[in-house]
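The structure appears right after this line, and notes come after that.
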Amino acid sequence: MANYDAKKAKREQMRKKETTSMASWWFLAPLIAILAFIPLITYYYRYDTKLGTFDWFTPGDTAVDFFLHYKMVFVLIACGFMLLMLAYLFVIEQKKPIWIKTFIPLAVYAVIALLSACLSENSYFSFHGIYEQFESIWALLGYCLIAYYSFLILRTEEAIKRTMRWFLVGMILTTLLGLSQAFYHDFFRTDFAKALITPSSLHNSKSLEFKFELGRVYLAVYNPNYVGFYTILTIPILAAIIFAAKKLWQRIACSVLIVGLLIVLFASQSRAGIVALVGAFIIILICMRKFFFKKWKLAASFVAVACVAFIALNVLNHNFLLDHLKNMFSTTEVNPTLNSIETKDDCVSITYNKNKLLFCVVQDESGNDVFNLVDGNKQEVAYTFDSSASLYTVSDERFPFTFGSVRSDNFNGFLVNIDGKAWYFSNLMKENDTTFYAMSGALKLMKLHKTADPSAFAKKYGHLASGRGYIWDRTLPLLKKYFWLGSGPDTFAIAFPNGDLVSMNNFGYGNQLMTKPHCMYLQIAVQTGVPSLIALLIFWGWYIVSSFRLYWKNSFEGYLSKFGVAILASVIGYLIMGLTNDSSITVAPIFFVLTGMGLGINHVLKSETL
């Protein structure tokens, strides 16, 4: 017994010494920046996309970003500062690194991701970031560093308390921004905000254009779906602060902030965020069941506040939220009539309801188009001319098309109207090339080839989860090609068949550009390979399983245990959201800070039981 007390006293003495060192502002500064301030960074950035050579790329050679690039820059600056602090800690102070087996799969992931970037055919984007993403290999390696650094630093009560105070500041500022958007007074649409987020040369220019309608919350995280990520990472932390707070005003303030974040979440219309938040609180209730039985009034008040906020916003939005949640799991079957379009050397082949029609077009001496239509059996197909519309109409009922010549400053060729959409083709616009091309949504000439027919899954569930079913169906076959090392970090847009214009049109994506798979797990598997995904799943799995073992019978009387279970709920909620949303530089750094912090807390709590 005396020996046990001596060991415990020695551990406590070492922990106090560690607390004084690790809780210094120098060590906490990069973590505070990531949690509180970097998510708010918004500033004008004009850049060369380097995607102009791709036929499917629509916006042009240059693009403007407000929410992603500078967040990536400052996350990397914070990571650089972490490396300096680790060097000081291990070299100057000569502290021994703390290592647990849970980090082995994370290290494996980092190595595979780096190899993927180096060996990628499009390594430029892997190292610099790509249009609408900016999650380069440096960001991915930074996430791994952030997790380990947080594990090392955020393991004491003092360090966590200091960090959480600043995290609260960030939450307050973010919530105020979100409320301004929810109540139709978006801060970013004000002249003052415009002066803050644009260079002086643009202050007198026209108003900024916004992608999302007024009243829908997107914070400074670029996309309303990522609002769900932010709230799932913050609301459980606020719940932990309430459980741990000793003063009534602190509990009231955090409760008000939770209500504000719930309003922000509901106004973002992030259905996955609502589902994930419910899942997160179920985790908390299960793990802290004994605690809540003792304080059932506190648990009931949480549920009541969430329900009231949801019902109020749902009523104000004419039952929109409830309908939106219902539609999340509903789908309509898709049976495309347009099967394929192929641009060949001497004709354009269109397959419609499994019937093939060839447009063989040549020009006469005056440069006018002469059309010859042939079906799949090499039989001529008749057509008539409508002088009022200056278009031809196919006489064969198998092909309800109209078509005609187009001559303008920008395009020389012909068009074919199919199911209300005009498709443009030409054999005149390439020098010394009389083969046929299609005009893409990017207003570029491109070859169209026959692609695989939509699978039974795509036809039945293509519209599942707001059209994600189709994206997943087209993404899964990529895993065969990119199984081991992926296409390279931040190269999903290049790997995805964005040039399959027919399929994109059939499933409602028209001329849109698919830059992400809307599934974090598919995103990882395609970009850095299936082994890298397995490594991350093992990393997260070990953390979750060890946490459940630790908290299942915990009394939650201490400060660290309350934060530990809250972080577990946030991590699980984030991973649930990852099923229908992608990793983003706007919120992923927060997730890895909390994951590392959760591992650090678990390590401390386990050592106390030895």
Side-chain angles (χ1 to χ4, degrees), residues 51 53-58 121-122 331-359 375-376 398-399 401 413 415-427 435-464 467-483 486-487 491-519 522-523 525-527:
L51 291 171
T53 56
F54 295 96
D55 296 334
W56 42 259
F57 186 68
T58 305
E121 293 180 1
N122 298 284
T331 184
T332 55
E333 191 165 344
V334 180
N335 290 298
T337 52
L338 179 60
N339 305 122
S340 68
I341 296 178
E342 299 173 76
T343 52
K344 300 185 177 183
D345 292 346
D346 56 351
C347 67
V348 173
S349 175
I350 299 175
T351 303
Y352 186 87
N353 278 330
K354 298 184 179 179
N355 296 304
K356 184 178 290 187
L357 180 64
L358 306 178
F359 280 82
D375 67 12
R398 293 176 297 170
F399 310 107
F401 307 158
L415 67 82
V416 181
N417 288 310
I418 306 173
D419 293 338
K421 177 180 173 57
W423 295 83
Y424 292 86
F425 307 97
S426 177
N427 64 336
T435 63
F436 285 87
Y437 292 84
M439 180 70 77
S440 72
L443 302 180
K444 296 176 182 177
L445 295 175
M446 64 184 298
K447 289 288 187 181
L448 295 185
H449 305 281
K450 182 174 176 58
T451 57
D453 292 332
S455 67
F457 174 87
K459 289 179 180 179
K460 190 172 182 179
Y461 300 106
H463 289 159
L464 181 69
R468 285 168 170 80
Y470 161 74
I471 303 171
W472 298 338
D473 181 73
R474 283 303 196 211
T475 300
L476 285 169
L478 300 177
L479 299 182
K480 184 177 180 181
K481 179 179 180 181
Y482 299 114
F483 184 89
S487 61
T491 60
F492 179 82
I494 300 172
F496 189 83
N498 275 299
D500 185 4
L501 303 186
V502 173
S503 180
M504 297 278 281
N505 177 73
N506 285 338
F507 285 87
Y509 286 98
N511 296 324
Q512 294 182 45
L513 177 65
M514 211 62 67
T515 60
K516 48 189 177 290
H518 294 281
C519 174
L522 286 177
Q523 181 187 27
V526 170
Q527 293 190 154

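Hydrogens, waters and symmetry mates are skipped; everything else that's a heavy atom, side chains included, is used. Only a predicted model underlies this, so the values are computations on that prediction, with no experimental measurement involved.
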Do you know which two heavy atoms are closest between [X] and [Y], and how far apart they sit?
X    : Y    : value
H449 : E342 : C-CG, 4.2 Å
K516 : I471 : O-CG2, 4.1 Å
F425 : I341 : CE2-CG2, 3.7 Å
F496 : M504 : CE2-SD, 4.0 Å
Y352 : N339 : C-OD1, 3.6 Å
T343 : A438 : CG2-N, 3.8 Å

Under a 3.5 Å distance rule, please check whether [X] uses its side chain to pair with a backbone N or O of [Y] as donor and acceptor.
X    : Y    : answer
D55  : K444 : no
N498 : L513 : no
N355 : G376 : no

Sub-4.5 Å side-chain heavy-atom contact between [X] and [Y]:
X    : Y    : answer
W423 : V502 : yes
S340 : T351 : yes
L445 : M439 : yes
F492 : P517 : yes
E121 : I494 : no
S440 : L501 : yes
F507 : D473 : no
L522 : R468 : no

Polar contact flag, side-chain donor to acceptor under 3.5 angstrom, Y470-N506 |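 Absent: no donor and acceptor within the cut-off.
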
Is a side-chain donor-acceptor pair under 3.5 Å present for K447 with T435?
->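 There is such a pair (donor and acceptor under 3.5 Å, judged by atom type) between the side chains of T435 and K447.
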
Rounding to 0.5 Å, atoms CG (L338) and OG (S503) come to a distance of 10.0 Å

Got a second to check how far C347's SG is from L357's CG, nearest 0.5 Å?
-> 9.5 Å

So, F359 versus F436, ring centres under 6.0 angstrom or not?
-> no

Run the numbers on F399 and I350 for side-chain contact (heavy atoms from CB on, under 4.5 Å), then give the verdict.
-> CA-CA 10 Å; F399 310 107; I350 299 175; over 6 Å; no

Can you tell me if NZ on K481 sees more than 12 non-hydrogen neighbours from other groups inside 6.0 Å?
-> no

If you count the non-hydrogen atoms of other residues, nucleotides and ligands that lie under 6.0 Å from NZ in K356, is the total more than 12?
-> no

side-chain contact (heavy atoms from CB on, under 4.5 Å) evaluation trace for L358 with V348 = CA-CA 6 Å; L358 306 178; V348 173; over 6 Å; no

Which is it for D500 and R474 under the side-chain contact (heavy atoms from CB on, under 4.5 Å) test, yes or no, and what are the steps along the way?
-> CA-CA 10 Å; D500 185 4; R474 283 303 196 211; 3.2 Å; yes

